[in-house]
Structure formats: C-alpha cells, structure tokens
Amino acid sequence: IKILSRDRNLSAEIANYCRDYLDEYTKKNKLTKSKEKRIFIENRTLAIKDSIIDLSNKIKEFQEENDITLLESQTEELISAYSAILQNKLLLESDLLIQDKLYKDDNIQAKMLREKINFFAEQIEEFKNSENSKYGISFKQLPELMQKYVLLKTQLEVYTKAYEYIYPQLEAARIDEIKDLASIEIV
C-alpha cells in the first residue's frame, strides 16, 4: 500500500489503517483448504469423542444391569480380532472422507480406499456370520447378553483407536491453518 499526501503522519495513519483493515478482512473471510480441513477433522474428532463417552456409559449400564464383569480369554481374543478389522475399516473410511472433502473428483487414491473398505466389510460379515472360528468360539455361539456386551466393547475400542488416529491430524491441521493465515506488513 502506498499513500501519498502532504502530511507524512496522515499518510502513515491511512496506510496503517488500510493494512489493519485488510489483515483483519483476510483473517476473518479467507477460508483456506487448511481451515476447511481443520474444521472437518475437528468436527469428526468431536463426534468420535462423543461416541466414546456414550459407549462407555452404555457399557457401564449394561454391566450393572446384567452383572457382567469379566469375559473369558477366548471371548477377549474374539473381540480383539474383530475390533482390529473394524478399526482398519474405520480408519480407511476416515481417510476416504478426507480425500472426498479435499478432492471432489474420484481419484485413484479414493478408488483404492473404497476397495480396501469393501474388503474389510466382507471380512466383517464373514466374521459375524461364521459358525466356526479360529478363536474357539464365534459370535453365534455367544449368549445374547454376551454378544451385546462384546459389540459395545468392540465399538468402544474402534472409536478409541479412531480418536487416537485422528487427533494428531487435527493438531497438524491447526498448524497448517496458522501457516496459511496471510498477514499484511508495511515496509
């Protein structure tokens, strides 16, 4: 910004006012990709955190209502294996959501993510519907109450892992957003 007037102080004041106004306008109105990404990831993080809290409460209530305190080791292994499959699927879905948000067209990375998600979805269905399991028991063998408990606990593990995965991305997005904020200086 270059301001010329007869009074040097007036020129400086006008230039400073213009700089401050433009800087404020830029900060308030410029919606960068970084800011969009941060807002999206922030909302996703909050949703996952709310799900974790809700599931924790449901598990506690379920345990109290049904006097369930411990699961046998085979059931724990079943939860762990099933949870790992769900975690992988959820992480891929999060990556796909970010891909779709940033790159509107259907790119090769998004196609690959969709194929991986479908693969894990098929594994999940096989896991749920299988009569035989390498863990000694299957979901169909568990009593109804235990099955509900296992599913609640699995969901909690999945969301906890997703939160651990997405929170560092939120911090990185915040840093990227700060880097992208334009600042106007008068030299």
Side-chain angles (χ1 to χ4, degrees), residues 31-63 68 71-130 132-142 146-180:
L31 186 63
T32 64
K33 285 279 186 195
S34 297
K35 186 172 184 176
E36 288 178 7
K37 181 179 177 182
R38 189 231 353 122
I39 289 170
F40 176 77
I41 294 174
E42 192 170 57
N43 290 336
R44 186 80 176 123
T45 303
L46 291 173
I48 290 171
K49 187 176 180 181
D50 289 344
S51 295
I52 290 170
I53 291 168
D54 184 48
L55 285 168
S56 295
N57 291 333
K58 284 181 181 178
I59 288 172
K60 183 180 176 187
E61 290 171 13
F62 185 82
Q63 285 176 319
I68 296 175
L71 296 173
E72 295 180 27
S73 63
Q74 287 177 318
T75 307
E76 288 289 342
E77 288 179 27
L78 187 68
I79 292 170
S80 184
Y82 185 68
S83 177
I85 294 169
L86 285 176
Q87 288 170 11
N88 287 331
K89 184 176 179 266
L90 184 64
L91 296 177
L92 290 170
E93 288 172 340
S94 291
D95 285 345
L96 181 61
L97 284 171
I98 292 169
Q99 274 290 329
D100 287 345
K101 182 72 175 169
L102 295 178
Y103 309 104
K104 301 288 185 214
D105 57 351
D106 200 24
N107 62 44
I108 190 74
Q109 288 178 322
K111 288 179 184 176
M112 289 173 54
L113 287 170
R114 283 187 184 87
E115 288 178 13
K116 289 178 182 178
I117 289 168
N118 289 336
F119 172 76
F120 282 110
E122 289 171 7
Q123 282 190 328
I124 289 167
E125 285 306 310
E126 286 178 10
F127 208 95
K128 283 196 236 183
N129 298 322
S130 174
N132 300 320
S133 172
K134 62 183 177 184
Y135 304 100
I137 55 174
S138 70
F139 274 120
K140 289 188 174 188
Q141 294 171 315
L142 292 174
M146 294 300 283
Q147 195 171 26
K148 289 178 183 177
Y149 178 76
V150 167
L151 291 175
L152 284 172
K153 188 148 175 102
T154 301
Q155 288 175 335
L156 179 62
E157 285 183 30
V158 167
Y159 280 105
T160 301
K161 192 67 165 182
Y163 187 81
E164 291 170 1
Y165 175 77
I166 203 165
Y167 192 79
Q169 290 183 15
L170 174 61
E171 293 301 320
R174 286 176 177 158
I175 291 169
D176 288 345
E177 181 183 12
I178 290 170
K179 287 179 185 176
D180 280 356

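Scope of the values below: all heavy atoms of this structure, side chains included, with no hydrogens, waters or symmetry mates.
Between the CG atom of Asp54 and the CG atom of Leu152 there is a distance of 9.5 Å, given to the nearest 0.5 Å. Within the model, atoms CD1 of Ile59 and NZ of Lys153 stand 6.0 Å from one another, a figure rounded to the nearest 0.5 Å. Here the CG-CG distance, from Leu97 to Leu102, works out to 11.0 Å after rounding to the nearest 0.5 Å. Taken from CG in Leu92 to CE in Met112, the straight-line distance is 10.5 Å, to the nearest 0.5 Å. Distance check, rounded to the nearest 0.5 Å: CD1 of Ile85 to CD of Glu125 gives 11.0 Å.
Between Ile39 and Glu36, every side-chain heavy-atom pair lies at or beyond the 4.5 Å cut-off. With a 4.5 Å cut-off on side-chain heavy atoms, Leu151 and Tyr82 count as touching.
The shortest heavy-atom contact between Leu113 and Gln99 is CD1-CG, 3.8 Å. Contact record, Ile98 with Phe40: CG1-CE2, 3.8 Å, taken as the closest heavy-atom pair. In this structure, Ala110 and Asp100 approach most closely via the heavy-atom pair CB-OD1, 4.2 Å.
Pairs engaging residues 79-89 under the salt bridge (charged side-chain N to carboxylate O under 4.0 Å, His left out) rule: Lys89-Glu93 [sequence neighbours left out].
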Atom pairs and distances, side-chain donor-acceptor, residues 45-53, under 3.5 Å, sequence neighbours left out:
{"from": "Thr45", "atom 1": "OG1", "to": "Ile41", "atom 2": "O", "distance (Å)": "2.7"}
{"from": "Ser51", "atom 1": "OG", "to": "Ala47", "atom 2": "O", "distance (Å)": "3.0"}

Solution key, residues 156-168 side-chain donor-acceptor pairs under 3.5 Å, sequence neighbours excluded:
{"from": "Glu157", "atom 1": "OE1", "to": "Ser83", "atom 2": "OG", "distance (Å)": "3.1"}
{"from": "Thr160", "atom 1": "OG1", "to": "Leu156", "atom 2": "O", "distance (Å)": "2.7"}
{"from": "Tyr165", "atom 1": "OH", "to": "Asp95", "atom 2": "OD1", "distance (Å)": "2.7"}
{"from": "Tyr165", "atom 1": "OH", "to": "Asp95", "atom 2": "OD2", "distance (Å)": "3.1"}
{"from": "Tyr165", "atom 1": "OH", "to": "Gln169", "atom 2": "NE2", "distance (Å)": "3.3"}
{"from": "Tyr167", "atom 1": "OH", "to": "Glu171", "atom 2": "OE2", "distance (Å)": "3.1"}

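A search for salt bridge (charged side-chain N to carboxylate O under 4.0 Å, His left out) contacts involving Arg38 returns Glu42, Glu177, not counting sequence neighbours. Qualifying side chain to side chain contact (heavy atoms under 4.5 Å, CB included) partners for Glu115, counting only residues two or more places apart in sequence or in other chains: none. For Lys116, there are no salt bridge (charged side-chain N to carboxylate O under 4.0 Å, His left out) partners, not counting sequence neighbours.
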